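Data block below; observations after.
Here the structure is a predicted model, which is why all the values come from computation and not from measurement.
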Amino acid sequence: MREFFVKFVATGLFSGYMRPYAGTWGTIPAWLIGWFLLRGDVVGLSVAAAVSFGLSVWSAGEAEKLFGHDARKIVMDEWTGMFITLLFIPPDIVWYGAAFFAFRLFDVVKIPPARQMENLPGGWGVTMDDVIAGIQANIALHIVIYLAPKFM
């Protein structure tokens with residue numbers, strides 16, 4: 001039962017089993033929660049980010065014992081990064097869509113210090129690179145949101 005629960009959480013409700021691009025598939029449930037349940041709710045998104053962070057560090061550390069180090073199936077860290085990316089973003093489908101793509105881009109590219117975070121032990125290394133990618137994507141989006149009216 002414990003192993004099932006670890007897999008259920010670490011794989012983001014089993015979305016991490018989808019192929020190809022498990023990280024992208026694993027981000028979709030968090031985006032859907034953000035859009036349909038937490039849209040524009042800074043407190044709700046903050047709580048979701050904090051809870052998913054704790055679950056990610058724990059479950060990723062446990063899941064590595066089952067799947068190996070930072071296995072592609074482990075996607076709860078994507079949830080954390082997605083919720084962070086959505087913080088303070090205007091609750092509009094265009095900006096939420098841009099947030100999804102921005103997070104995936106920053107998560108894949110891993111601009112420093114995101115790549116270095118992967119060297120942290122266990123679930124910390126799995127999770128912290130996505131936290132950094134979420135922060136970077138959020139900052140980039142806020143720059144675009146600020147500059148967009150100047151070019152329209």
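The backbone N or O of Thr24 sits nowhere less than 3.5 Å from a side-chain atom of Glu78 that would complete a donor-acceptor pair.
A pairwise comparison of heavy atoms in Ala63 and Val6 identifies N-CG1, 3.7 Å as the closest pair. When all heavy atoms of Ala48 and Leu38 are compared, the closest pair comes out as CB-CD1, 3.8 Å.
Ring geometry, Phe8 versus Phe14: the interplanar angle exceeds 60°, so the pair is classed perpendicular (tilted spans 30 to 60°).
Partners of Lys73 by salt bridge (charged side-chain N to carboxylate O under 4.0 Å, His left out), not counting sequence neighbours: none found. Shown here are the ring-ring contact (aromatic ring centres under 6.0 Å, His included) partners of Phe67, two or more places apart in sequence or in another chain: there are none. With sequence neighbours excluded, the residues that form a salt bridge (charged side-chain N to carboxylate O under 4.0 Å, His left out) with Asp129 are Lys110. Looking at residues two or more places apart in sequence or on another chain, you find no salt bridge (charged side-chain N to carboxylate O under 4.0 Å, His left out) involving Glu64. In this structure Phe101 satisfies the side-chain contact (heavy atoms from CB on, under 4.5 Å) test with no other residue, sequence neighbours excluded. With sequence neighbours excluded, the residues that form a salt bridge (charged side-chain N to carboxylate O under 4.0 Å, His left out) with Arg2 are Glu62. For Ser52, the side-chain contact (heavy atoms from CB on, under 4.5 Å) partners two or more places apart in sequence, or in a different chain, are Met76, Trp79, Thr80, Phe83. With sequence neighbours left out, Ser15 forms a side-chain hydrogen bond (donor to acceptor under 3.5 Å, both in side chains) with no residue at all. With sequence neighbours left out, the ring-ring contact (aromatic ring centres under 6.0 Å, His included) criterion links Phe53 to Trp124. Residues passing the side-chain hydrogen bond (donor to acceptor under 3.5 Å, both in side chains) test with Arg39: none are found, sequence neighbours excluded. Residues forming a side-chain contact (heavy atoms from CB on, under 4.5 Å) with Ile28 (at least two apart in sequence, or on another chain): Trp25, Leu32, Phe100.
Criterion: ILVMFWY side-chain heavy atoms under 4.5 Å apart, direct or through other members. Under it, Val108 and Leu105 are not part of a common hydrophobic cluster. Hydrophobic clustering, with ILVMFWY side chains joined whenever heavy atoms are under 4.5 angstrom apart, groups Met18 together with Leu13. With hydrophobic clusters built from ILVMFWY side chains whose heavy atoms lie under 4.5 angstrom apart, Leu37 shares a cluster with Tyr96. Tracing side-chain contacts under 4.5 Å through hydrophobic residues (I, L, V, M, F, W, Y), one never reaches Val47 starting from Val57; they form parts of separate clusters. Residues Val131 and Val109 are members of separate hydrophobic clusters, defined by side-chain heavy-atom contacts under 4.5 angstrom among Ile, Leu, Val, Met, Phe, Trp and Tyr.
Between the OG atom in Ser59 and the CD1 atom in Ile74 there is a gap of 7.5 Å [rounded to 0.5 Å]. To the nearest 0.5 Å, the span separating CZ on Arg104 from OG1 on Thr27 amounts to 4.0 Å. Here CG of Leu86 is found 8.5 Å from CH2 of Trp31. Values are rounded to the nearest 0.5 Å. One finds the CH2 atom of Trp95 at 8.0 Å from the CD1 atom of Ile89 (value rounded to the nearest 0.5 Å). Rounded to the nearest 0.5 Å, atoms NZ (Lys7) and CD (Glu3) are 4.0 Å apart. Here the CD1-CD distance, from Ile132 to Glu118, works out to 11.5 Å after rounding to the nearest 0.5 Å.
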Tell me which donor-acceptor pairs under 3.5 Å the side chains of residues 140-152 have, and how far apart each pair is, sequence neighbours excluded?
{"residue": "His142", "atom": "ND1", "partner": "Asn138", "partner atom": "O", "Å": "2.9"}
{"residue": "His142", "atom": "ND1", "partner": "Asn138", "partner atom": "OD1", "Å": "3.0"}
{"residue": "His142", "atom": "NE2", "partner": "Phe88", "partner atom": "O", "Å": "3.0"}

Between Ile84 and Phe103, is a side-chain contact (heavy atoms from CB on, under 4.5 Å) present by the stated rule, with each step listed? CA-CA 9 Å; Ile84 290 169; Phe103 171 67; over 6 Å; no

